[in-house]
Amino acid sequence: QVQLVESGGGLVQPGGSLRLSCAASGSIFSRYFMAWYRQAPGKERESVAGATTDGRTHYADSVKGRFTISRDVAKNTLYLQMNSLKPEATAVYYCNARSVFPPVFDYWGQGPQVTVSE
């Protein structure tokens, strides 16, 4: 099984930055699609950013130009760099790993809170 341990959540002022980390239990980037999701109270969980096994990335329109997803293959760690944070970014952020080959299965981090507020 894959274990994902997140860190880096917390309180930040509008316009500030945070970096979320997601440490995987093994060398998984060649076998799993990686992504960040977020969920605000009363809202559906939404995809924020994703990365394929060969490093291609995609972003939600709401965060393009401000968020960056990246991988450190040697450390088996996924990152989400969040810059120019807005109050609308307040949510629980989840790291996700989805298997490339069947059977498809999703693993999730514990989902720390990110709060953007004065």
Side-chain angles (χ1 to χ4, degrees):
Q1 289 189 322
V2 174
Q3 288 187 304
L4 304 174
V5 180
E6 295 184 48
S7 62
L11 175 66
V12 64
Q13 294 181 329
S17 298
L18 281 177
R19 187 177 73 163
L20 303 181
S21 298
C22 175
S25 57
S27 301
I28 68 169
F29 292 153
S30 64
R31 296 178 284 116
Y32 291 84
F33 299 115
M34 305 299 298
W36 291 96
Y37 289 76
R38 68 184 179 189
Q39 186 169 26
K43 297 183 179 180
E44 296 182 359
R45 183 175 298 186
E46 63 175 345
S47 176
V48 176
T52 64
T53 55
D54 61 355
R56 289 174 292 174
T57 60
H58 61 86
Y59 299 91
D61 289 341
S62 60
V63 306
K64 285 182 178 178
R66 299 184 297 110
F67 287 17
T68 303
I69 186 172
S70 61
R71 308 176 304 171
D72 187 327
V73 177
K75 294 183 178 181
N76 302 313
T77 301
L78 183 76
Y79 301 97
L80 183 67
Q81 179 67 46
M82 303 183 292
N83 298 326
S84 302
L85 282 165
K86 302 176 180 179
E88 306 93 272
T90 296
V92 175
Y93 283 72
Y94 297 93
C95 174
N96 168 261
R98 173 169 288 181
S99 57
V100 172
F101 302 104
V104 175
F105 195 84
D106 287 308
Y107 294 93
W108 298 91
Q110 75 274 20
Q113 175 76 38
V114 172
T115 301
V116 184
S117 176
E118 298 284 359

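- Leu80 is not connected to Tyr37 by any chain of hydrophobic side-chain contacts under 4.5 Å among Ile, Leu, Val, Met, Phe, Trp and Tyr, and they are in different clusters.
- Atom CD1 of Ile28 is separated from atom OG of Ser99 by 10.5 Å, given to the nearest 0.5 angstrom.
- Linking ILVMFWY side-chain heavy atoms closer than 4.5 Å, directly or via other members, places Tyr32 and Phe29 in a single hydrophobic cluster.
- Each disulfide (SG to SG under 2.5 Å) pair with one or both residues in residues 14-97, not counting sequence neighbours, appears once here: Cys22-Cys95.
- When hydrophobic residues (I, L, V, M, F, W, Y) are linked wherever their side-chain heavy atoms come within less than 4.5 Å, the members clustered with Phe33 are Val100, Phe101.
- Taking CG of Leu85 as the reference point, atom CZ of Arg66 lies at 7.0 Å (rounded to 0.5 Å).
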Donor-acceptor list for residues 102-111 side chains, cut-off 3.5 Å, not counting sequence neighbours:
from   : atom 1 : to    : atom 2 : distance (Å)
Asp106 : OD1    : Asn96 : ND2    : 3.4
Asp106 : OD1    : Arg98 : NE     : 2.8
Asp106 : OD2    : Arg98 : NE     : 3.4
Asp106 : OD2    : Arg98 : NH2    : 3.0
Gln110 : OE1    : Glu6  : N      : 2.9
Gln110 : NE2    : Glu6  : O      : 2.7

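- Take Gln113 and apply the side chain to side chain contact (heavy atoms under 4.5 Å, CB included) test, not counting sequence neighbours, and it matches Thr90, Val92, Thr115.
- Across all non-hydrogen atoms, the minimal contact from Ala60 to Ser47 is CB-O, 3.5 Å.
- Residues that satisfy the salt bridge (charged side-chain N to carboxylate O under 4.0 Å, His left out) test with Lys43, not counting sequence neighbours, are absent from this structure.
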Could you tabulate the donor-acceptor pairs under 3.5 Å formed by side-chain atoms of residues 14-21, not counting sequence neighbours?
from  : atom 1 : to    : atom 2 : distance (Å)
Ser17 : OG     : Asn83 : OD1    : 2.9

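- The disulfide (SG to SG under 2.5 Å) contacts involving residues 63-92 comprise nothing, where partners must be two or more places apart or lie in separate chains.
- Applying the salt bridge (charged side-chain N to carboxylate O under 4.0 Å, His left out) test to Glu46 and every residue at least two apart in sequence or in another chain returns Arg38.
- Identified under the ring-ring contact (aromatic ring centres under 6.0 Å, His included) test for residues 52-89, with sequence neighbours left out: none.
- Contact check for Met82 versus Val114: side-chain heavy atoms found under the 4.5 Å cut-off.
- For the atom pair OG1 (Thr57) and CZ (Arg71), the distance works out to 10.0 Å, reported to the nearest 0.5 Å.
- What you find for Ser30 and Thr53 is that their closest heavy atoms are O-CG2, 3.6 Å.
- Scanning for side chain to side chain contact (heavy atoms under 4.5 Å, CB included) contacts around Gln39 gives Arg45, Tyr94, with sequence neighbours left out.
- Atom CD of Glu118 has more than 12 neighbouring heavy atoms from other residues, nucleotides or ligands inside a 6.0 Å radius.
- Under the disulfide (SG to SG under 2.5 Å) criterion, no residue pair touches residues 39-86, with sequence neighbours excluded.
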Item to complete: Walk me through it: do Ile69 and Leu78 pass the test side chain to side chain contact (heavy atoms under 4.5 Å, CB included)?
Response: CA-CA 7 Å; Ile69 186 172; Leu78 183 76; 3.8 Å; yes
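- Applying the salt bridge (charged side-chain N to carboxylate O under 4.0 Å, His left out) rule to Asp72 yields no partners; only residues at least two apart in sequence or on another chain are considered.
- Residue Val48 comes nearest to Val63 through the heavy atom pair O-CG2, 3.7 Å, listed as atom of the first residue, atom of the second, then distance.
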